[in-house]
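Here the structure is a predicted model, which is why all the values come from computation and not from measurement. Positions are given from 1, in the same order as the sequence printed here.
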Amino acid sequence: MSNLTVPTVVTDRLILRGWRDEDIEPYAAMNADPETMRYLDGVCGLDGTIRLVQRARALWARRGHGMWAVEDRATGEFLGRAGTFYGEGWPGVEVAVSLRRDRWRQGLGTEAITASINFGFDTLDVDELITVTHPENAGMNAIARKLGMTFREVADVGPWLANNVYAISRAEWAAHTG
């Protein structure tokens, strides 16, 4: 796995890249924040964060796509994670983002999800991408709608019960960005 080359995606303000060992401490600090983790699996410590990074690296190796570490392009700071995910029982390949709370409401989540959708449609053999979000997660629900994703259903996905599932097809994305 150490020889795996994870593609790097550069946007106006972000670098989406493979995980580095030095990402673990700031990611653990992010994962320890109850507000940041409110709609995810709840807070986790250093050991849980190490497992998340190991899993992210393994998924890239196994599937050729996954969650990137997100870096601030201007400062090099670790900001969070974003990318694609497909889990057992998922209704499709998901695009997702989680950023440090001090960087919310700056459009960075939208920028990261846009890059993830572009990557997904450019490199994966899928005609649709989804996002799964808690009904009360106003930020992620707004990002999905802003990017032209259509509400599909409320569903149990993985460990999350009664979550909103939004979807966008390749053709809808092309029309939205064209």
Are any non-hydrogen side-chain atoms of Val53 and Asp23 less than 4.5 angstrom apart? no
Answer yes or no: is there a donor N or O on one side and an acceptor on the other, between the side chain of Asn163 and the main chain of His134, under 3.5 Å? yes
Working to the nearest 0.5 Å, report the span between CD1 of Ile24 and CD of Glu22. 9.0 Å
Thr49 side, atom OG1; Asn31 side, atom CG - distance, nearest 0.5 Å: 4.0 Å
Within this structure, what is the CD1-CD distance for the pair Ile130 and Glu153, rounded to the nearest 0.5 Å? 8.5 Å
How many angstroms lie between atom NE2 of His176 and atom OG of Ser169, to the nearest 0.5 angstrom? 12.0 Å
Looking at Glu71 and Arg20, is there a salt bridge between them, counting it only when a charged N and a carboxylate O are closer than 4.0 Å? yes
At their closest point, which heavy atom of Trp173 faces which heavy atom of Asn118, and how far apart are they? NE1-OD1, 2.8 Å
Can you check salt bridge (Lys or Arg N to Asp or Glu O under 4.0 Å) on Asp21 and Arg57, steps first, answer last? CA-CA 11 Å; Asp21 290 343; Arg57 288 172 169 162; 3.1 Å; yes
Would you find a donor on one side and an acceptor on the other, under 3.5 Å apart, between the side chain of Trp160 and the backbone of Thr133? no
How are the rings of Tyr166 and Phe151 set relative to one another: parallel (under 30°), tilted (30 to 60°) or perpendicular (over 60°)? perpendicular
Donor-acceptor contact present, side-chain Thr131 to main-chain Val95, <3.5 Å: yes
Does Thr84 use its side chain to pair, donor to acceptor, with the backbone of Gly66 at less than 3.5 Å? yes
Between Asn164 (side chain) and Val154 (backbone), is there a donor-acceptor pair under 3.5 Å? no
Would a distance-only check, ignoring hydrogens and angles, find a side-chain to backbone donor-acceptor pair under 3.5 Å from Trp19 to Met67? yes
Counting only heavy atoms from other residues, nucleotides and ligands, does the tally under 6.0 Å from CZ of Arg55 exceed 12? no
Are His65 and Val93 side-chain neighbours, meaning at least one heavy-atom pair lies under 4.5 Å? yes
Please state whether the rings of Trp90 and Phe85 are parallel, tilted or perpendicular, taking 30° and 60° as the class boundaries. perpendicular
Without swapping roles, check the side chain of Glu172 against the backbone of Gly148 for a donor-acceptor pair under 3.5 Å. no
What pair of heavy atoms forms the shortest contact from Arg152 to Ala167, and how long is it? NH2-CB, 3.6 Å
Using only atom types and a distance under 3.5 Å, with no angle test, would you say the side chain of Arg101 pairs donor to acceptor with the backbone of Glu35? no
Hey, can you tell me if Phe119 and Trp68 have their rings parallel, tilted or perpendicular (30° and 60° cut-offs)? perpendicular
Going by the side-chain contact (heavy atoms from CB on, under 4.5 Å) test, name the single residue among Leu108, Leu16, Val97 that passes it with Leu79. Leu108
Within one Ile-Leu-Val-Met-Phe-Trp-Tyr cluster: Val165 and Ile113, side-chain cutoff 4.5 Å: yes
Is there a path of hydrophobic side-chain contacts, each under 4.5 Å between heavy atoms, that joins Tyr27 and Ile15? no
Would you compute the distance between atom OG1 of Thr5 and atom CH2 of Trp60 and round it to the nearest 0.5 angstrom? 11.0 Å
Leu147-Trp104 co-clustered via ILVMFWY side chain contacts under 4.5 Å: yes
If we ignore hydrogens and angles and just use 3.5 Å, is the side chain of Arg73 paired with the main-chain N or O of Thr11 as donor and acceptor? yes
Group every Ile, Leu, Val, Met, Phe, Trp and Tyr by side-chain heavy-atom contacts under 4.5 Å, then state whether Val126 and Ile117 land in the same group. yes
So do the side chains of Ile143 and Met149 get within less than 4.5 Å of each other, counting heavy atoms only? no
Can you check whether Met30 reaches Ser98 side chain to side chain, under 4.5 Å on heavy atoms? yes
Rounded to the nearest 0.5 Å, what separates atom CZ in Arg51 from atom CG in Leu46? 9.5 Å
Basic-acidic side-chain contact under 4.0 Å: Arg100, Asp72: no
